[in-house]
Every structure is written in C-alpha cells, then in structure tokens.
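Working notes, beginning with the structure itself.
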Amino acid sequence: MIQHDEITERKLFEMYDDIQLGSSDICQNCRNNSENLSFPATFWFVGKGFSKSADKILFVGKNARGNPGKSIGAYLDCREMADQLCNVSWPYWRYTRNIVERIYGNDAIDNIAFTNIMKCNTSFTIDTTSNLLKVNCIKEMQVLRKEIEIIKPKKIIFLTSWNYDGYFKYVFDEMENISNTKITIGKKKMPWWEFNGELNKNKIEVLRVGHPERKKEIDYVNAVVGWITKQ
C-alpha cells in the first residue's frame, strides 16, 4: 500500500478544480471532437517520502488506459487504482518498481511521484492520442506543467518514447539538450533523450525513454538506474 503525501496531493486536486479539469471549455472542445474519450485521470500518487528523497523523481507516462479511478465531479481520482497497479506484473509498472527499489530499497514506491503527460485517452489498449488532445491538454490547459510546479521534482523520467517530444516546450520555460540518441536494450534500439529543463527558474534533470513494453527488463532497469545515479 502506497503511503501518500496528503498535503501535496490536496494541492493537486485544488489545482484541478481551479482549472476546471474535465469541464472547462478546452476540455469540452476535446470531448466534442473525439470519439470514445475517457474522463480525465489525475496523477497516480505522490509518495509520502518524496519531498525528503534526495532525487525527488517524478515518473511520467503517456496516458492511462480506460477510466482508472473513481469519479470526482468531472475527473477521476486514480490513487486507489495506483495501489493495485503498483503490484501488477505488467512491464510498465514492474520495471518502474524495480528501478526505484534499486535506488531506495524497501518501501521504494513511497519515495517517488507518478503521473501521465495526458489526462484522457481514446483507446483502452494502444495510445491513439490526437494532436488536438495533446495541444489542448499540454499547451492550453498546461495540466502537466501545473502538476510539476506543485510536485517540485528534481528529476523527471518520461516513459513516453518520442511521440510527445514536440510538446515538452509547453512544459518547460527552457530546455538544454545533453544527449538525444538511441541505446541498445536487449535486441532493440530504444530512444534516449537527456536534457535539463527549467521551470520557474528551477532546474530539473530530464530523461525521456521508450515505453517499457517488449524491452529487456534488466537492460532497461540498468540504463535508467545508471542515469539516476550517474553511473
């Protein structure tokens, strides 16, 4: 069971209400122009130990599948679902769990935060997010940017592959490229982008990698752990 940072999480919910997540004119524009659009999903969790952890790592996925939470007005509270998903064997969650256990040991999950770059989805399986949805959510609503402002991570790991790279400029004020390449994970080549992002004059170390699905686990975990520890 995840131990939550209730103060930070409450601030996130207050922000969602302030921007009218799920009920704003921008959200309505998405709904009017998208088939099978889910309700917006909140962050997964902010662990109780996050603010005291040395690295303050925020993991960011693409979007949640289906409607993974209980309804609070116009959006879904995903925290209870996160408690369940953190223990499943799917690569997305298992690899992330193994990464943080390598860094923090026992009760590792309580030391990180987890959210998604997109709040809605149009498919229960693959990512079919349209450009309209990306622009409205990331650029116009600025939901992820506002989450980062509240969570205040030192490091962000995007598990998004390259499909969202062009939208990072709406999340950060400045971006300083370090390395944008591909690395070998098992028999596959995986996109790997390191850069420094600046948000409200705060410097954040950023890594954007490929989605864990169908990637060799030990290589994937070792690569991300090496970036976190700079080994």
Side-chain angles (χ1 to χ4, degrees), residues 5 7-34 37-46 50-51 56-64 67-69 71-79 82 112-122 127-177 193 195-208:
D5 180 340
I7 293 175
T8 300
E9 292 186 347
R10 184 171 64 249
K11 290 178 180 178
L12 289 165
F13 283 112
E14 289 171 352
M15 179 270 290
Y16 294 147
D17 292 338
D18 286 343
I19 66 174
Q20 299 180 309
L21 182 65
S23 61
S24 69
D25 290 343
I26 298 171
C27 290
Q28 192 59 48
N29 177 252
C30 286
R31 194 154 300 282
N32 291 340
N33 292 280
S34 306
L37 188 65
S38 70
F39 284 100
T42 65
F43 63 95
W44 291 111
F45 63 90
V46 179
F50 176 83
S51 63
K56 293 185 178 180
I57 305 168
L58 170 64
F59 285 83
V60 181
K62 293 188 289 187
N63 55 14
N67 290 291
S71 177
I72 301 183
Y75 57 82
L76 303 172
D77 180 350
C78 298
R79 292 175 296 176
I112 66 166
F114 213 146
T115 191
N116 290 309
I117 192 169
M118 291 297 304
K119 302 309 165 187
C120 297
N121 69 79
T122 52
D127 183 3
T128 57
T129 306
S130 67
N131 181 64
L132 172 69
L133 292 175
K134 293 177 182 179
V135 169
N136 280 350
C137 191
I138 304 170
K139 178 184 178 183
E140 301 299 334
M141 290 287 285
Q142 297 191 330
V143 188
L144 179 63
R145 178 187 172 98
K146 294 178 187 297
E147 288 179 336
I148 294 171
E149 289 175 335
I150 293 169
I151 296 171
K152 296 180 173 60
K154 291 183 179 178
K155 292 182 170 69
I156 298 177
I157 299 173
F158 285 94
L159 309 173
T160 56
S161 195
W162 52 72
N163 291 330
Y164 293 86
D165 288 1
Y167 298 87
F168 291 163
K169 61 187 177 184
Y170 304 123
V171 176
F172 302 100
D173 297 325
E174 301 288 342
M175 295 169 58
E176 178 190 7
N177 184 59
W193 184 18
F195 64 90
N196 290 325
E198 186 175 302
L199 179 55
N200 298 333
K201 297 184 178 180
N202 293 318
K203 182 178 176 181
I204 304 171
E205 297 177 56
V206 182
L207 172 66
R208 190 275 289 128

Item checked: Heavy atoms from other residues, nucleotides or ligands near CD of Glu174 exceed 12 (cutoff 6.0 Å) -> no

Margin query: Salt bridge check, Glu205 against Lys154: does any charged N sit closer than 4.0 Å to a carboxylate O?
Written below: no

Next item on the list: Flag the pair Asp5 and Lys11 as a salt bridge only when some basic side-chain nitrogen lies within less than 4.0 angstrom of an acidic carboxylate oxygen.
Entry: no

Note to self: Please check this pair: side chain of Ser38 against backbone of Asn121, looking for a donor-acceptor N/O pair closer than 3.5 Å.
What the structure shows: yes

Next item on the list: Could you check if a side-chain atom of Phe45 sits within less than 4.5 angstrom of a side-chain atom of Glu9, using non-hydrogen atoms only?
Entry: yes

Notebook entry, point to check: Backbone N or O of Gly73 within a donor-acceptor pair of the Ser71 side chain at under 3.5 Å?
Noted result: yes

Item checked: Between CE on residue Met141 and OH on residue Tyr16, distance to nearest 0.5 Å -> 10.5 Å

Check: Mind checking whether Ile151 and Leu12 have side chains closer than 4.5 Å, heavy atoms only?
Finding: yes

Margin query: Between Asp127 and Thr129 (side chain of the first, backbone of the second, donor and acceptor by atom type, cut-off under 3.5 Å), is there such a pair?
Written below: yes

Checklist line | Atom CG of Asp25 with >12 non-hydrogen neighbours under 6.0 angstrom | finding: no

Notebook entry, point to check: Is the side chain of Ser34 donor-acceptor paired with the backbone N or O of Leu37 at a distance under 3.5 Å, no angle test?
Noted result: no

Next item on the list: Could you point out which residue of Asn131, Asn33, Asn29 forms a side chain to side chain donor-acceptor pair (under 3.5 Å) with Asn136?
Entry: Asn29

Item checked: Atom pair CG (Leu144) and NZ (Lys139), whose distance is rounded to the nearest 0.5 Å -> 16.0 Å

Checklist line | For the student: nearest non-hydrogen atoms of Arg145 and Val171, plus distance | finding: NH1-O, 3.2 Å

Note to self: If we ignore hydrogens and angles and just use 3.5 Å, is the side chain of Ser23 paired with the main-chain N or O of Ala74 as donor and acceptor?
What the structure shows: no

Notebook entry, point to check: Tyr164 ring centre to Lys134 NZ or CZ under 6.0 Å, with the angle to the axis within 45°?
Noted result: yes

Checklist line | Any donor-acceptor pair under 3.5 Å from Asn67 side chain to Phe39 backbone | finding: yes

Notebook entry, point to check: So how far is it from Met118 CE to Ile138 CD1, rounded to the nearest 0.5 Å?
Noted result: 5.5 Å

Item checked: Any donor-acceptor N/O pair, Arg208 side chain to Thr160 backbone, under 3.5 Å -> no

Check: Do you know which two heavy atoms are closest between Ile157 and Ile57, and how far apart they sit?
Finding: CD1-CG2, 3.9 Å

Notebook entry, point to check: If we only count heavy atoms from C-beta on, is the Ile19 to Ser24 side-chain gap below 4.5 Å?
Noted result: no

Notebook entry, point to check: Heavy-atom distance under 4.5 Å between the side chains of Asn63 and Cys120, does that happen here?
Noted result: no

Next item on the list: Evaluate the ring planes of Phe195 and Trp193, with Trp represented by its six-membered ring, and classify them as parallel (under 30°), tilted (30 to 60°) or perpendicular (over 60°).
Entry: tilted

Check: Which of parallel (below 30°), tilted (30 to 60°) and perpendicular (above 60°) describes Phe172 and Phe168?
Finding: perpendicular

Margin query: Walk me through whether Val60 and Leu58 qualify under side chain to side chain contact (heavy atoms under 4.5 Å, CB included).
Written below: CA-CA 6 Å; Val60 181; Leu58 170 64; 3.9 Å; yes

Next item on the list: Measure from the side-chain N and O atoms of Lys201 to the backbone N and O of Glu198, and report whether any donor-acceptor pair falls under 3.5 Å.
Entry: no

Checklist line | Worked verdict on Val143 versus Lys146 for side chain to side chain contact (heavy atoms under 4.5 Å, CB included) | finding: CA-CA 5 Å; Val143 188; Lys146 294 178 187 297; 6.0 Å; no

Checklist line | For Cys27 against Gly22, the heavy-atom pair lying closest together | finding: SG-N, 3.1 Å

Check: Between Asn200 and Glu149, which heavy-atom pair has the shortest distance, and what is it?
Finding: ND2-OE2, 3.0 Å

Notebook entry, point to check: Taking all non-hydrogen atoms of both residues, which atom of Met15 and which atom of Ile150 are closest, and how far apart?
Noted result: CB-CD1, 3.7 Å

Note to self: Quick check: closest heavy atoms across Ile204 and Ile156, and the distance to 0.1 Å?
What the structure shows: CG2-CG1, 3.7 Å

Notebook entry, point to check: Any ion pair linking Lys119 and Glu147 (charged N to carboxylate O, less than 4.0 Å)?
Noted result: yes

Next item on the list: Using the ring pair (Phe, Tyr, Trp, His ring centres under 6.0 Å) rule, pick out the option among Phe158, Phe59, Phe50, Phe43 that qualifies with Phe114.
Entry: Phe59

Check: Rounded to the nearest 0.5 Å, how far does CG of Leu132 lie from CD of Glu140?
Finding: 10.0 Å

Check: Hey, what do you get for CZ (Arg10) to CD1 (Ile7), rounding to the nearest 0.5 Å?
Finding: 6.0 Å

Next item on the list: With rounding to the nearest 0.5 Å, note down the distance linking CG in Leu21 to CD1 in Ile72.
Entry: 11.0 Å

Next item on the list: Kindly indicate, with the supporting measurements, whether the criterion side chain to side chain donor-acceptor pair (under 3.5 Å) is fulfilled by Tyr75 and Gln20.
Entry: CA-CA 9 Å; Tyr75 57 82; Gln20 299 180 309; over 6 Å; no

